[in-house]
Each structure stands twice: as structure tokens, then as C-alpha cells.
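Take a look at the structure below.
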Amino acid sequence: MSKDTMIKKAVIPAAGFGTRFLPVTKSQPKEMLPIVDTPVIQCVVEEAVAAGIRDILMIIGKGKRSIEEHFDRNFELESELEEKNREHELQTIRHISSMANIHFVWQKELKGLGDAIRCARDHVGKEPFAVLLGDTIIDAKPGVTKQLIEVFNRYQESVVGLEEVPRAKVSRYGIMSGKPLDKGGIYLVDDWIEKPKVEEAPSNLAIAGRYILVPEIFDLLDSQTAGKNNEIQLTDAMRRLVKMRAMYGLRFDGVRYDIGNKLDFVKTNLIYALKREDMAKDLRAFLKTLVKSD
Ligand code: G1P
């Protein structure tokens, strides 16, 4: 890899069933659940675009057609809005289809996150690339993908976004073992473990759903056997990658919201609605009445 390799492509896995969010996910992808009025996956694409990425590959599966439609142009709707002079709405929907070149590939069987990323091999080729999980948004300035790319630009090696989680919750995440390199939140990784028991966890720094990976990960994914939950785990391939070349972690500044979890989903909507000028005042007043009458 030359010294100035750039991150030009992002992969967004969005193929899972969303079983934690049934019944709404029976016929609707969880990635299309709204944050107030914007699907989660649009927020994820906007994070990649804000990091300078224009080429995005989504890994989708059965029942995910509405994701494709969301990022396609809708000429009928556009002409309807044009006729009615709804300029703001028109710009809003045009922006969705014009902000990036979005490609799709199908994961034929749901065999885990590692298998989903493997489906990106032909599209990504031999370049390092970003991965953003399609059901997770991170409120950060600058966006986490941008923060990770800055670290990548320095080391030209894989970088993974890390979040501190309570010890009791480590078994929900991939967990890092490594040493801090500086006070800026950068770690040199020496191992990863997917969903460890509390007593096995080497730290409470969890993989937060944002990665910059070198293309060598694909060979490792090809030969990766099933791990936790009998799925091909990306973390297991990363564990082998770290034995071959350096890998970094970045404890980023920002807050992560996992939309696949119902309580987090409701909280996230309230937090984002309270940030919006058009509804913050009324919503705050309403919430106060709710809490009082409780
Ligand atoms: C996946 C990864 C895990 C990571 C998590 C973040 O797990 O396998 O390493 O910490 O995303 O949300 P999942 O939540 O898909 O079980």
C-alpha cells in the first residue's frame, strides 16, 4: 500500500433479520426505522459522505427492497413536489439519491457479519475500506468515520472505533485487548474477542460498529470458520489479522445509538427530536407533563 492510500469506499452491512425488533421488522428492514423522519441507514450514509466517501456498497438480503427504493430517485414524487412548489422537500429527497453512488450486493444466506463483509470483496478490490454497521448511528463531531480515517492516514493500517461500555455488558460486543499509545484515545491492538463472558474480557472497550479495514481481511474471511452463535464473525478474522500486521483502535468522542434495540430506539428518537428546532420546545413541555403525571 502506498503511503497516501485514501479511503474511497464504504461497506454497509444491512442484511440481518432484525429479530430483536419484531414485529415491525417482519416485512420492514430495521435499517429503515426512522430517527424522527430519517431512516437510520440514511444517517449512516451521511456519516460516510461527510468523511469524503462517495462509493458505498450495501450488503442486503431478503425483504430489503425498501432500502434500494429509498436511495433511488422517485420522479413521480419529484414532479408532484415541483408542481406544488415544495422546494424544501424536493431538495431533501433529491439529496438522498445524489449524495453518493450506492451499490448493492445480496448476502445469499445469513451466516454472520464476517460472511456479509466477505460479499464486498469484488466491489472493494485491493483497497482499504470503511465499514459502518447499518443499524447503528453515532452522534459525533466530526463523524466517527472521519475520525477513523484521520488515524488510518497516519498509520496506513486498520483502525476500529471503540466505545467504553459497562463491564456487565461486555458480552454483547466485540472487545479489544491492547495498549494506549497516547492520550488521544489511540490504542495498539493485540487481540479481539467476540462477546466474551465478563471474566474473560480483556477490557471494557467495545467495537462500536465502525471500522477501517485493509483488504487482507478478505482472505481471512474466506477461510474463517463459524464462531460465536455459529456465525462467521468479523471479529474472529480481525483477531487473525492482528497477528499479521498492526491494528489500531480509536476511543472516539461521541455517543453510539444501537437502533436494533427497542428501548435505545425510543430514547434515540427523543434525543434527536429534542435537538430539532421545529419540535424541541413542544416536545420538552409534553415530556414534562408525562413525567409529572407518572
Ligand atoms: C456486531 C459485532 C460486534 C460489535 C457490535 C456493535 O455484533 O460482531 O463485535 O461490538 O456489532 O454493535 P452484533 O451487534 O451484530 O451482534
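One is the number of the first residue; the rest follow in order along the sequence. Atoms within a ligand are numbered from 1 in the order they appear, just like the ligands themselves. Both backbone and side-chain heavy atoms feed into the values below; hydrogens, waters and symmetry mates do not.
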Could you pull out the closest heavy-atom pair between A130 and I7, with the gap in Å? N-CG2, 3.9 Å
Centroid separation under 6.0 Å, is that true for the rings of Y248 and Y187? no
Considering residues, nucleotides and ligands other than K9, do more than 12 of their heavy atoms fall under 6.0 Å from its NZ? yes
Test salt bridge (charged side-chain N to carboxylate O under 4.0 Å, His left out) applied to R239 and E194, step by step: CA-CA 9 Å; R239 173 169 221 178; E194 182 67 12; over 6 Å; no
Within the 4.0 Å heavy-atom cut-off around ligand 1, the contacting residues, ordered by chain and number, are L113, L133, Y173, G174, E194, K195, I207, Q233, T235, R256
Give me the other members of the hydrophobic cluster that F17 sits in, counting Ile, Leu, Val, Met, Phe, Trp and Tyr linked by side-chain heavy atoms under 4.5 Å, directly or via other members. L110
R118 side chain to Q107 side chain, donor-acceptor N/O pair below 3.5 angstrom: no
